[in-house]
Amino acid sequence: MPRWFRIWEKKRGSRRTVSRVVASVGETFFFSAIFFFGVIFTAMTVASTVLETWPIRTMFPEVAYVEGECTVQEVRVVSLGTEDYPRYQPEALVLLDLPERQHHHWSLRRSPLFYSTQEAAWNRLNGYEPGWIYPCWFDPDSPGQSVVLERTPAWGLWVIFLVLISFIVIGGIGLIYTLLLMGTSVERRSAFAKKAKTLELLREAMPATTYPSIPNDANLTNSPGVRLAFRLPIEVSPGWWLLATLIFSLLWSGMAGVFFIAALGNHLAGKPDWMLTIISLPTIGVALAAISQFLREVTAHTRVGPTGLEISNHPLYPGKEYRVFVTQAGKMKVRQLQILLICEEAATFLQGTDVRSETKRVVEEEVAAAKGFEIKPGLPFEADYQLKVPVGCMHSFKSDHNAIHWKLVVQINAEHGAQLSRSFPIVVYPAELEVDR
Amino acid sequence: MSIEPKIEITLDRPGRTYLPDDELIASFEIKGTRPSDVQAIEASVLWYTEGTGEEDLATHDFRRLLPIDRNDADLTKRRKFQTRLPRSPLSYQGLIVKIRWAIRVRLFMQQGKEYMEEVPFHLGDLEPAIPLATKRSSRKSADDAA
């Protein structure tokens with residue numbers, strides 16, 4: 001069958017047509033540019049700050065100010081702005097007495113302060129008494145124009161330093177990483193990673209595994225069962241699904257409500273907006289379906305109680321037989337309760353910038369099925385079944401982007417229409433070598 | 001015109017099937033190049049995934065050989081190495097996840113060129129995965145026949 005020609009298609013993950021050499025050179029160039037930009041501009045900023053030259057002197061003139069003593073001669077509040085928008089600026093007339101000449105200047109700080117009331121402006125001048133001597137700062141090149149009684153902190157200068165240093169750090173780390181990986185084979189990188197895992201500190205934290213790439217089952221065997229050895233944990237709590245249904249139905253209903261009110265308002269006003277009405281109808285339909293689904297979920301969860309699954313051994317081995325014990329609480333008439341043994345392949349991949357995942361079921365075996373019984377409050381359904389892992393099946397597996405999951409799934413089909421599926425992860429080991437645990 | 005070097009890898013079992021914890025003995029030889037042209041050789045026993053997901057790779061055994069490591073500085077001569085294979089992951093031919101084991105030898109030349117040769121082998125003897133629909137239909141026909 002001929003394939004459709006696609007004009008534009010996202011490349012999948014590492015399956016790209018670009019050259020690795022060009023990519024490495026590009027990365028090196030990019031990180032070098034960031035690193036050298038950071039180094040050059042940090043050096044320039046430091047030099048400019050220390051030597052008190054352009055551009056720091058232009059951007060932050062107070063960096064170059066020297067401290068002196070000034071006599072406050074007078075204080076005042078200047079009215080600015082308009083009648084509708086009055087502004088009041090507090091000022092002090094200072095006398096700077098230098099050996100070469102005296103300077104008089106109305107000042108307080110370099111960036112003028114404005115207040116909306118006269119009272120607030122006068123309050124700002126509290127503490128400045130005419131005739132008293134206060135410390136002041138000024139630019140030695142133009143003391144008369146620059147003298148201030150209060151020096152503002154140069155926070156902006158520190159922000160500039162922080163940004164420039166972050167350029168050095170990001171560029172430097174990126175450059176070292178790129179150079180380390182350049183010309184290194186994937187096997188060598190993998191060997192580096194493996195060697196890092198065997199470092200003493202890490203080895204103490206993570207004991208060596210006898211079965212590499214098989215997920216640890218510690219979390220599955222830490223809860224003893226009542227009848228059998230282990231009580232299996234449930235994969236996803238049904239409460240989360242219920243919460244997700246609630247949030248979706250609330251959000252969608254809110255949106256549908258807004259559409260509905262707007263459309264109805266137009267109709268009542270005699271100016272019907274038919275486009276809005278047409279859009280509102282399916283939106284309201286989805287909202288009603290979401291609410292109905294939420295109510296069904298609530299009904300199902302209140303009638304169907306917790307499901308418990310215990311197993312005689314763990315981990316499991318292909319070809320071996322085990323016992324499973326299921327308990328189901330609640331208040332309902334059950335059409336069918338089924339326990340399935342499932343093995344799924346899972347793969348994650350990048351499609352363009354999106355991370356996608358795909359699963360494929362490769363084993364689906366019915367472990368047990370019970371039909372036509374009633375569960376009463378305080379009297380849960382309990383049953384013991386035999387489970388056999390099929391011979392020749394793949395063991396559990398987990399790597400960065402690929403996995404093979406095994407699980408036991410309890411499916412309940414109740415008479416009032418509630419259908420629930422509860423999943424219990426398990427770990428299957430390779431059959432060839434069974435170790436005593 | 002220069003002749004490309006050839007990497008020859010040999011496994012001790014012609015069937016190339018091993019069981020977990022088995023000893024694997026492999027040897028490799030570089031042909032068609034002068035020893036002085038070889039900068040380094042990397043020999044790895046590794047597994048990698050294939051299929052829908054991104055490729056994952058892990059080395060079980062990795063050796064990097066440099067001319068300075070050997071007295072005669074000749075890396076092109078046949079070299080033998082052995083390793084005890086791990087218990088997992090087993091070779092697997094799944095529907096969207098496949099796990100392949102291989103011996104890979106990578107040759108780095110002085111001029112910066114790189115050559116790679118890989119010989120696959122099986123760890124374990126798992127059957128390939130069959131789609132559930134196919135499994136069900138074959139089970140149904142077996143039941144009908146019975």
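None of these values were measured; they are calculated from a predicted model. In the text below, chain A, chain B and the rest are named by the order of the sequence lines, each starting its count at 1.
- Proximity of A/S185 to B/F108: side-chain heavy atoms (C-beta onward) are separated by under 4.5 Å at one or more points.
- When each of A/R361, A/E364, A/M394 is scored by its heavy-atom pairs under 4.5 Å with chain B, the top score falls to A/M394.
- No donor-acceptor pair under 3.5 Å is formed between the side chain of A/H395 and the backbone N or O of B/S88.
- Residue A/T359 touches chain B through its backbone alone, counting heavy-atom pairs closer than 4.5 Å.
- With respect to chain B, the highest number of heavy-atom pairs below 4.5 Å among A/S399, A/A347, A/G392, A/P212 belongs to A/P212.
- Residues A/E345 and B/Y92 form a side-chain contact, since some pair of their non-hydrogen atoms from C-beta on lies under 4.5 Å apart.
- Looking at B/P131, neither its backbone nor its side chain comes within 4.5 Å of chain A, counting heavy atoms on both sides.
- Other residues, nucleotides and ligands contribute only 12 or fewer heavy atoms inside 6.0 Å of the NZ atom of A/K360.
- The closest donor-acceptor contact from the side chain of A/E358 to the backbone of B/I96 lies at 3.5 Å or more, if one exists at all.
- Between the side chain of A/N402 and the backbone N or O of B/T49 there is no donor-acceptor pair closer than 3.5 Å.
- When atom types are taken as modelled, the side chain of A/S190 and the backbone of B/T59 share a donor-acceptor pair closer than 3.5 angstrom.
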Next item on the list: May I have the step-by-step check of side chain to side chain contact (heavy atoms under 4.5 Å, CB included) for B/E54 and A/D400, ending in yes or no?
Entry: CA-CA 9 Å; B/E54 299 288 315; A/D400 291 342; over 6 Å; no
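- When heavy atoms are compared at a cutoff of 4.5 Å, B/Y48 does not approach chain A at all.
- With a 4.5 angstrom heavy-atom cutoff, A/V391 does not touch chain B via any of its atoms.
- When the candidates B/L46, B/I130, B/D61, B/I99 are compared by the number of heavy-atom contacts under 4.5 Å with chain A, B/I99 comes out ahead.
- Crowding of A/F29 atom CZ: a count of heavy atoms from other residues, nucleotides or ligands under 6.0 Å not exceeding 12.
- Ranked by non-hydrogen atom pairs under 4.5 Å with chain A, the options B/A129, B/G94, B/P89, B/S44 are led by B/P89.
- Heavy-atom distances place no part of A/E344 under 4.5 Å from chain B, backbone and side chain included.
- For chain B, the nearby part of A/C393 is the backbone; its heavy atoms alone come within less than 4.5 Å.
- Looking only at side-chain heavy atoms (C-beta outward), B/L95 and A/V362 come within less than 4.5 Å of each other.
- Using modelled atom types, one side-chain atom of B/D56 and one backbone atom of A/H401 make a donor-acceptor pair closer than 3.5 Å.
- Atom CD of A/E187 sits about 6.5 Å away from atom CE of B/M116, to the nearest 0.5 Å.
- More than 12 heavy-atom neighbours from other residues, nucleotides or ligands sit within 6.0 angstrom of CZ on B/R100.
- For the set B/R106, B/H60, B/E127, the count of heavy-atom pairs under 4.5 angstrom toward chain A peaks at B/R106.
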